[in-house]
Structure formats: structure tokens, C-alpha cells
Amino acid sequence: MTRHVAIIGAGSSGLACIKTCLDEGLEPVCFESSDDIGGLWRFKENPEPDRASIYHSVIINTSKEMMCFSDFPIPGHFPNYMHNSLIMEYFRMYADHFQLTRHIRFNTKVLQVKQRSDFSHSGQWDVETENKDGKKERHIFDAVMICIGHHCHPNMPLQDFPGIHSFKGKYFHSRDYKTPEEWRDKKVVVIGIGNSGGDIAVELSRVTKQLYLSTRRGAWVLNRVSHNGIPLDLTFSRAVNFVLNAIPFGLYCSLGERQLNQRFNHSLYNLKPKHRLFSQHPTLNDELPNRILSGTVQVKPNIRKFEGSSVEFEDGSVVEDVDLVVFATGYRFSFPFLASHVISVSGNQAPLFKYVFPPELDRPTLAVIGLVQPLGAIMPISEMQARWATRVFKGCNKLPSVAAMLKDVQCKQDTMAARYVTSQRHTIQVDYISYMDEIAELVGVKPSVPRLLLMDPRLGLSVMLGPCTPYQYRLRGPGKWAGARQAILTQWERVTQPMQTRPCDQPQCKCSFVLPLILSAASVGLAAYFSRNSLSAFLQEPTAVLDKIKSYLTAQ
């Protein structure tokens, strides 16, 4: 019997869900409240209630080879870091190629998703919808996939800013920012130094009289462009990931911080935070140091209070005649169409098994897709979650016991709390390779590097030492794609193609295996050292060993 699946939202996650449902022989119906696909990445001049909204100049922070769907590479001539209009173009190509749009009901809002009276037996859901004409309908579905993202509801902590309601200038959340022209020759304060805050501050600083960037903690600022001009996320391979997991957290933070400070000294630029590099979601911004260096951006501490048109900061400094304050203070997520006992959300935390399944439902027929904040691209992660969820819906994969799922949820929350700065921003963090492998193993599509090295050495080396592109998860198992091998072996050609816009005799960029090999050798050496000099002592006093390593590096 064909199972019918309701998909809520036609953004990147929703499109991936439609595709995976079709691959698994399920019948999807996608409800999209707007008139088009794209979700977060569809620019609109006027923000719509309860929908994500971006500014005109947004460029994605993940490169095209890392953000594409695993069986549909982004064309080689597209730039590595794409403007939102090109991301939309890619989504349309994907939807057209796999004929996804015919499964979408546009201008249809989901009002309620409710378990049927026989849910413990059938696992079915009642879904109530409303179209643009106000007509309501009720539907019965065998499963539901929620793909609404986590950038819909702006977080505006106005209670933390005394005097804001009497502020004579204008203030709004970063989701309401679109273009800088209106603020030419004005004084502007941007609150928050995440990716949106940094981008908006840089863009506004080109036209404003002065831009003030207020941050409570500071931030480590990464560059999109890595060594030899390679996109940053392409430098993280399985080999590098293995090394980072093998060495102490403090050591690889120190190595990364040292490298970032060689680009620009974060203390000198008044940005250095108290937390470690990997204890906060990183800020990617190529231009912020230049804007600080030119004086068009001034970094300030947290705001103490507003008074009239003036802003007083916690260091006692006061800026008069401020025209605009932009709150780049993040988002909160919720599921207004669901009963709270189905998924409870508190402090931006939702207890979901592997960030997908509510663990205490009688039947595993509800999945949340894309509710993660990855150190990497979210599109392939959503696709992998969808591949797993649809297999669970069909009964091909089983979930563990409720107790085991709750234990996993708690373990992930504890691990996150131990690593990250306490913040609403750090409740759904995942590391790209580790999380992708975790879900891929459940689906049966995790690549076997030893087997590849034995059977296909060229491919095996590319998988182990090259970037962990999504195609790796199409080499075997359910959903295997015949073009995966070729996509992996030609990925560097697609990286270099859009930059080769004039005849040049210089060699093109190629993947270097030197750094991964050096890091691998270093990890083996460290492991040998620790094993020879008492591993238990290291586990009890890791800081002492780290100090010895630092002393050795300094002496060298």
C-alpha cells in the first residue's frame, strides 16, 4: 500500500524530502505557504510574517561542492560561493530535473498537525490546511516531515536593553534589513557579531557616517578563502577530521587560533573572545578586518542603555545621534501547528533523536528535517536526514528503544553544553562530517574508506584526503548513484572552472594531500607518545601535556 507523506515547507529541506520520498516509492504532498520554492534563500523586498527573510546581497558561507544535493552537482561555471539568486536558480534546476514542483501545493498554510485517534496502531496524522482564499481542508497522512527551518521567528531581547522603547532613532531585526542606501551618512549600531551581524555591518559601513559593531563576547573571524585560494570548507577532509578528533580539544583550538591570529591579531582588533575557537559557531567574514582597519567599523562592547538618540556602552563610552540600531540577535524556533506534547520546545531546545525523531511517539511517523546548525552546509544534511526518515517510515530501518533514544538526546545536549558557550544559538550544533557519517551509517550509505583504498585506490584517496563532498554518500547502499564516482573525481575541475576566466599559463589549483598527511603523521606520533608516557595520566591532566607541547613549539 502506498504511504502518503505530508511535507511542510518547500525550501531546500522540503525539496530534498520530496525527492527522497519519490526515491523510496512514497507519495509526497508538500504544503508551501508562499507562492514559490526556496524558503530562506528566496529574496523578497518585504518580509512576510513567520517566514525567513534575507537581505539583497547575501552570499552563502559554504562552497558549492559542499552544499549541493548528493546526486545533482552544481554546474561547474557557477561560482564557488553563490549569491542567493544563483542558489535559487540551482533549486529550480533540481526541482525541474526531478519533477518535484508538481507535488507542491503553493499558497497553502498548515494550521494543525494532529495524531489520529488510532495513532498508536496506524501512526496516521490529521493535517488541516488553509489556502490563499481562506478555504480549509483536512487530510489524512501516513507520515509527516517538518521542513520549516529555524530562521522564521526573530529573537528580539529588548528587555536586555533599557531605554530602547524611548529610542528616537529606528530599530529592527536583521531579517528586516534589505539594502544600505537609506542609511547613507547616518550613524548605525549593529548588535551581534554572527554571520548576519558581520555582513550587515560591513555592507552598511561603506555608506554610513560611522558604523558601531556591538558584541558581548567578541568572536573568532574566519575567512572564506583558505590556503592557495581554496574555499575554506574544502580543506576539511576525513583525514583532517580524524586528526582533530584524535588530539585534545584545547590543542586544536590553539592551533586554529594561532593561524587566525596570523591573518590578523584578534586582540589588536578588539575582537578576541574569552571562549575558544570551536566553542562558538564561527563567524565567516572576509572584509570585517579591512573595515575595522579603515575605521569605518568600530567594535564596541555590549550596550548598557539607550537614552533619547544616544547609546551608552558598558565601557562608559557614549555615541550621540544614532539613527539606526540593527538587532542581529538570532532566531528562535517553534512548531505552532503541533501540540506541545508531540514536540516540546524550551529555550530553543527540542528533544529529538538525532535531531530528527520525537523519541516518545508510539509510532515513528513524524520527522523534523533541517533543524540543525552545522559547521558546514545544511543542504546535504537535510537530504541525509530525509533519506533516513523515509526508510524509517517504510519500516526498512528501526529506531532503538525510547530509553536509548532519550539517552542519546541527553548525551548530545551534555556534549554541546560542555563544548559551547551557553547561548540560544548553541542548542542544535552539529559537526558536518561526524553527523553525516552518524546518519549515513544508520541508512547504510557511509563510505568504507579501507574497502575503497583496496578496490579503487584513486577514489579511496580522494574520499580520504579530499573534501568530504556529498557525493561520497551515493557510492553504496540505498540510493546509490552511478555518477557518484565521477562527481568525486571531477570536483576540483568544478572548483577551478568559474575562476578561469582568462588565458593563463599558471597551474590550476589542485588538492594538496601534504597537510592531511602531515597531520595524520602528527596524530600517530602523539598517540605513540601518549601510549608510552601513560595514557591515563594524560586523560587526568590534559592541560599539563598541552603545556609541554606548547613549550616545545615555542622553543622550536
Side-chain angles (χ1 to χ4, degrees), residues 1-32 37 68-72 91 93-106 108 110 113 115-116 118-119 121-127 129 139-147 353-354 356-358 361-370 379-400 436 439-447 470-484 487:
M1 184 178 66
T2 302
R3 291 180 173 86
H4 293 79
V5 181
I7 298 169
I8 305 174
S12 60
S13 298
L15 294 176
C17 287
I18 299 172
K19 164 71 162 51
T20 53
C21 281
L22 295 173
D23 289 345
E24 292 293 341
L26 305 175
E27 184 60 43
V29 178
C30 179
F31 298 107
E32 169 55 44
I37 64 172
C68 66
F69 296 114
S70 59
D71 56 356
F72 196 73
F91 287 163
M93 293 167 60
Y94 180 74
D96 290 344
H97 182 79
F98 293 109
Q99 300 181 39
L100 307 181
T101 310
R102 62 183 180 180
H103 300 278
I104 303 174
R105 296 189 184 182
F106 292 107
T108 304
V110 173
V113 176
Q115 295 164 292
R116 305 206 78 209
D118 64 344
F119 179 79
H121 170 70
S122 68
Q124 291 182 324
W125 299 84
D126 284 319
V127 177
T129 62
H139 318 264
I140 299 173
F141 285 98
D142 300 298
V144 176
M145 305 177 87
I146 301 174
C147 309
F353 178 57
K354 308 294 185 188
V356 176
F357 286 101
L361 284 181
D362 293 333
R363 306 279 288 184
T365 56
L366 176 70
V368 180
I369 306 299
M379 290 79 168
I381 288 179
S382 293
E383 181 189 46
M384 183 61 70
Q385 290 177 330
R387 292 172 71 183
W388 177 43
T390 51
R391 302 280 293 172
V392 171
F393 294 162
K394 289 178 61 177
C396 301
N397 291 97
K398 303 292 184 183
L399 298 184
M436 284 286 281
I439 305 302
E441 192 163 15
L442 297 173
V443 182
V445 296
K446 179 182 175 182
Y471 324 120
Q472 294 188 9
Y473 300 97
R474 291 286 183 177
L475 290 169
R476 59 185 287 263
K480 178 180 178 180
W481 175 44

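Atoms considered below: every heavy atom in the structure, side chains included; atoms not considered: hydrogens, waters and symmetry mates. Worth saying up front: this structure is predicted, and the values here are computed from it rather than measured.
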- Go through the steps for Glu27 and Asp142 under the test side-chain contact (heavy atoms from CB on, under 4.5 Å), then give the verdict. CA-CA 10 Å; Glu27 184 60 43; Asp142 300 298; over 6 Å; no
- Query: Looking at side-chain heavy atoms only, is the closest gap between Phe98 and His103 below 4.5 Å?
  - Reply: no
- Query: Is there a donor-acceptor pair closer than 3.5 Å between any side-chain N or O of Arg476 and the backbone N or O of Pro447?
  - Reply: no
- To the nearest 0.5 Å, what is the distance between NZ (Lys480) and CG (Leu475)? 8.0 Å
- Task: Using only heavy-atom distances, determine whether the side chains of Thr365 and Trp125 contain a donor-acceptor pair under 3.5 Å.
- Result: yes
- Item | Proximity of Phe69 and Trp481 rings by center, below 6.0 Å | no
- Task: Mind listing the closest non-hydrogen atom pair of Ser70 and Arg474 along with its distance?
- Result: OG-NE, 2.6 Å
- Item | Closest approach of Met93 to Phe72 (non-hydrogen atoms, all atoms of both residues) | O-CZ, 3.7 Å
- Query: Between CD of Gln385 and CE of Met145, what distance do you get to the nearest 0.5 Å?
  - Reply: 9.0 Å
- Message: If we ignore hydrogens and angles and just use 3.5 Å, is the side chain of Glu24 paired with the main-chain N or O of Thr390 as donor and acceptor?
- Response: no
- Message: Are the side chains of Asp23 and Lys19 in contact, using a 4.5 Å heavy-atom criterion?
- Response: yes
- Task: Compare all side-chain heavy atoms of Val113 with those of Ile8 and state whether any distance is below 4.5 angstrom.
- Result: yes
- Contacts of type side-chain contact (heavy atoms from CB on, under 4.5 Å), residue Ser13, not counting sequence neighbours: Cys147, Ile369, Ser382
- Rounded to the nearest 0.5 Å, the CE atom of Met436 sits from the CD atom of Glu383 at a distance of 7.0 Å
- Message: I'd like to check Val110 versus Thr129 (side-chain heavy atoms, cut-off strictly below 4.5 Å). Are they in contact?
- Response: yes
- Item | Considering all heavy atoms, the nearest Phe393-Val144 contact | CZ-O, 3.9 Å
- Ignoring hydrogens and geometry, is there a side-chain-to-backbone donor-acceptor pair from Asp126 to Arg116 under 3.5 Å? no
- Note on the structure: Here the gap from Ile37 atom CD1 to Thr101 atom OG1, rounded to the nearest 0.5 Å, amounts to 5.5 Å
- Task: Could you pull out the closest heavy-atom pair between Val443 and Arg387, with the gap in Å?
- Result: CG2-C, 4.4 Å
- Note on the structure: In this structure, CD1 of Ile7 is separated from CG of Leu26 (nearest 0.5 Å) by 9.0 Å
- Task: State the CD-CD1 distance between Gln99 and Ile18, to the nearest 0.5 angstrom.
- Result: 12.5 Å
- Between Asp71 and Tyr94, which heavy-atom pair has the shortest distance, and what is it? OD1-CE1, 4.4 Å
- Note on the structure: When every non-hydrogen atom of Leu442 is compared with those of Asn397, the smallest separation belongs to O-ND2, 2.8 Å
- Query: Relative to each other, are the rings of Phe31 and Phe141 parallel, tilted or perpendicular (30° and 60° limits)?
  - Reply: perpendicular
- Item | Full working for side-chain contact (heavy atoms from CB on, under 4.5 Å) between Gln115 and Leu361 | CA-CA 10 Å; Gln115 295 164 292; Leu361 284 181; 3.5 Å; yes
